[in-house]
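These notes concern the structure reproduced below.
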2 protein chains.
Amino acid sequence: MAEGRAGQGESLLYLTDEQLRQGAEAMFFAYRGFTADPDRILAGLSYGRAHHRALHFIHGAPGTTVNNLLAILGVTKQSLNRVLRSLIEDGLVESRVGRTDKRERHLYLTAEGEDLERELTDAQRLRMRAAFRDAGPEAVAGFRRVLEAMMDPEMRHQYQRLREGRG
Amino acid sequence: MAEGRAGQGESLLYLTDEQLRQGAEAMFFAYRGFTADPDRILAGLSYGRAHHRALHFIHGAPGTTVNNLLAILGVTKQSLNRVLRSLIEDGLVESRVGRTDKRERHLYLTAEGEDLERELTDAQRLRMRAAFRDAGPEAVAGFRRVLEAMMDPEMRHQYQRLREGRG
DNA sequence: CTTGGAATGTCAACAAGGCTGACTTAAAAT
DNA sequence: ATTTTAAGTCAGCCTTGTTGACATTCCAAG
């Protein structure tokens with residue numbers, strides 16, 4: 001179906017069903033690569049991808065609350081809690097009761113937590129750096145533009161807030 | 001590729017740790033958007049993302065064998081089998097014994113299977129089409145170049161074989 | 001004040017979908 | 001005839017999602 005419109009002369013060729021199909025497959029295979037390196041490291045420890053995500057975002061926004069993290073990660077609080085609990089028990093994350101609102105817990109990485117975060121992120125960054133270098137700056141800009149357009153609006157705001165929060 | 005070299009003065013700015021961090025976060029948020037629409041549909045039925053993947057690749061390569069599918073999906077046969085069994089029982093997938101090699105099972109979607117595949121894919125495509133249109137053809141080309149560079153080499157071959165197999 | 005509702009976080013139990021290991025059956029290859 | 005390969009099954013484990021029930025804390029309305 002669709003396919004339509006391709007005419008026009010020059011090209012909405014990147015909007016054909018086949019192109020969209022290829023885009024979907026590219027997302028699927030690339031995401032596997034994207035998570036492969038940290039997953040390999042985590043397999044040894046008794047942690048999974050969820051722990052990596054928590055470490056990543058706590059590192060990026062120290063002192064964030066559980067609720068905040070919930071919104072970013074998009075999981076239920078019960079699901080996050082399990083992950084957080086093991087990280088806290090193992091001394092990778094510190095949870096401090098809020099001083100103004102004692103219901104809140106503010107989250108920080110310990111030195112040990114920072115170490116693991118760096119190890120995981122370095123593995124991931126190595127691959128991403130190579131991909132970015134191979135593809136070149138123009139491609140990277142396009143990559144980001146498409147990904148941003150693909151997010152749910154709410155997630156796009158989260159993403160942009162994080163960017164701005166770090167300059 | 002190439003492009004590289006962007007030059008000393010000019011900008012390897014897209015390779016700074018902060019840029020790579022943003023790239024990682026973009027992947028995370030975008031992948032959530034990417035899977036959100038089909039997930040919503042599947043939630044109602046008693047299927048999950050794994051079923052969608054199976055339907056997608058059987059649709060794209062009718063008659064593929066179980067082993068083939070295993071390689072593409074990158075899961076164990078036990079894991080795939082659970083999914084495949086329910087799809088076969090429910091009449092969405094047909095499994096035919098190979099004529100030249102009777103050990104093999106060749107997989108096809110039934111009419112009903114095609115229907116669900118199309119429903120899921122349409123939902124996903126709608127979002128992707130909008131993202132591609134917003135970002136423009138240049139960006140889409142870059143998007144694909146970066147994703148391809150991010151895949152494991154083995155997966156990149158799978159991806160390219162699929163592309164070629166469909167022109 | 002006090003009290004009731006909302007926000008925050010915790011505990012328990014369940015399901016999906018990965019995984020490994022052991023084993024069977026049938027067909028093909030040697 | 002023996003070994004290897006393709007597929008499938010059974011059992012059991014782990015991670016990471018889910019709901020539901022509950023405790024604590026805060027805050028605002030009465």
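All chains are named by letter (A, B, ...) in the order of the sequence lines, taking the proteins before the strands, and each is independently numbered beginning at 1. Since the model is a prediction, treat every value here as computed from it, not as a measurement.
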inquiry  = Students often get this wrong, so: under 4.0 angstrom with heavy atoms, is S95(A) touching a base, only sugar-phosphate, or nothing?
reply    = nothing
Just the rounded figure in Å: distance from [atom2] of [N] to [atom1] of [X].
| X | N | atom1 | atom2 | answer |
| --- | --- | --- | --- | --- |
| R99(A) | dC26(D) | CZ | C1' | 16 Å |
| L70(B) | dA6(D) | CG | P | 11 Å |
| L84(B) | dG18(C) | CG | C1' | 16 Å |
| E104(A) | dA6(C) | CD | C1' | 13 Å |
| R85(B) | dG17(C) | CZ | C1' | 13 Å |
| R105(B) | dA27(C) | CZ | C1' | 10 Å |
| D101(B) | dA26(C) | CG | P | 15 Å |

Verify, without hydrogens or angle tests, whether [X] (side chain) and [Y] (backbone) share a donor-acceptor contact under 3.5 angstrom.
| X | Y | result |
| --- | --- | --- |
| R53(A) | L73(A) | no |
| T35(B) | R32(B) | yes |
| R96(A) | H106(A) | no |
| R127(A) | F34(A) | no |
| T65(A) | E104(A) | no |

Quick one: is N67(B) getting a side-chain N or O under 4.0 Å of the dT5(D) phosphate, OP1 or OP2? no
Checklist line | Phosphate OP1/OP2 of dA7(D) contacted by N81(B) side-chain N/O (<4.0 Å) | finding: no
ask   = Mind checking whether Y31(A) and F28(B) have ring centres under 6.0 Å apart?
value = no
Practice item. Decide yes or no, distance alone: a donor-acceptor N/O pair under 3.5 angstrom between the base of dT5(D) and the side-chain of R103(B). Key: yes
Filtered N/O pairs between nucleotides 15-18 of chain D and protein, under 3.5 Å:
{"from": "dT16(D)", "atom 1": "OP1", "to": "R49(A)", "atom 2": "N", "distance (Å)": "2.5"}
{"from": "dT16(D)", "atom 1": "OP1", "to": "A50(A)", "atom 2": "N", "distance (Å)": "3.1"}
{"from": "dT16(D)", "atom 1": "OP2", "to": "H51(A)", "atom 2": "ND1", "distance (Å)": "3.1"}
{"from": "dG17(D)", "atom 1": "OP1", "to": "R53(A)", "atom 2": "NH2", "distance (Å)": "2.4"}
{"from": "dG17(D)", "atom 1": "N7", "to": "R82(A)", "atom 2": "NH1", "distance (Å)": "3.3"}
{"from": "dG17(D)", "atom 1": "N7", "to": "R82(A)", "atom 2": "NH2", "distance (Å)": "3.0"}
{"from": "dG17(D)", "atom 1": "O6", "to": "R82(A)", "atom 2": "NH2", "distance (Å)": "2.5"}
{"from": "dT18(D)", "atom 1": "OP2", "to": "T76(A)", "atom 2": "N", "distance (Å)": "2.8"}
{"from": "dT18(D)", "atom 1": "OP2", "to": "T76(A)", "atom 2": "OG1", "distance (Å)": "3.0"}

I'd like to know whether T121(B) forms a side chain to side chain donor-acceptor pair (under 3.5 Å) with H56(B), so could you lay out the CA-CA distance, the side-chain angles of the two residues, the decisive distance to 0.1 Å, and finally the verdict.
CA-CA 8 Å; T121(B) 300; H56(B) 175 102; 4.6 Å; no
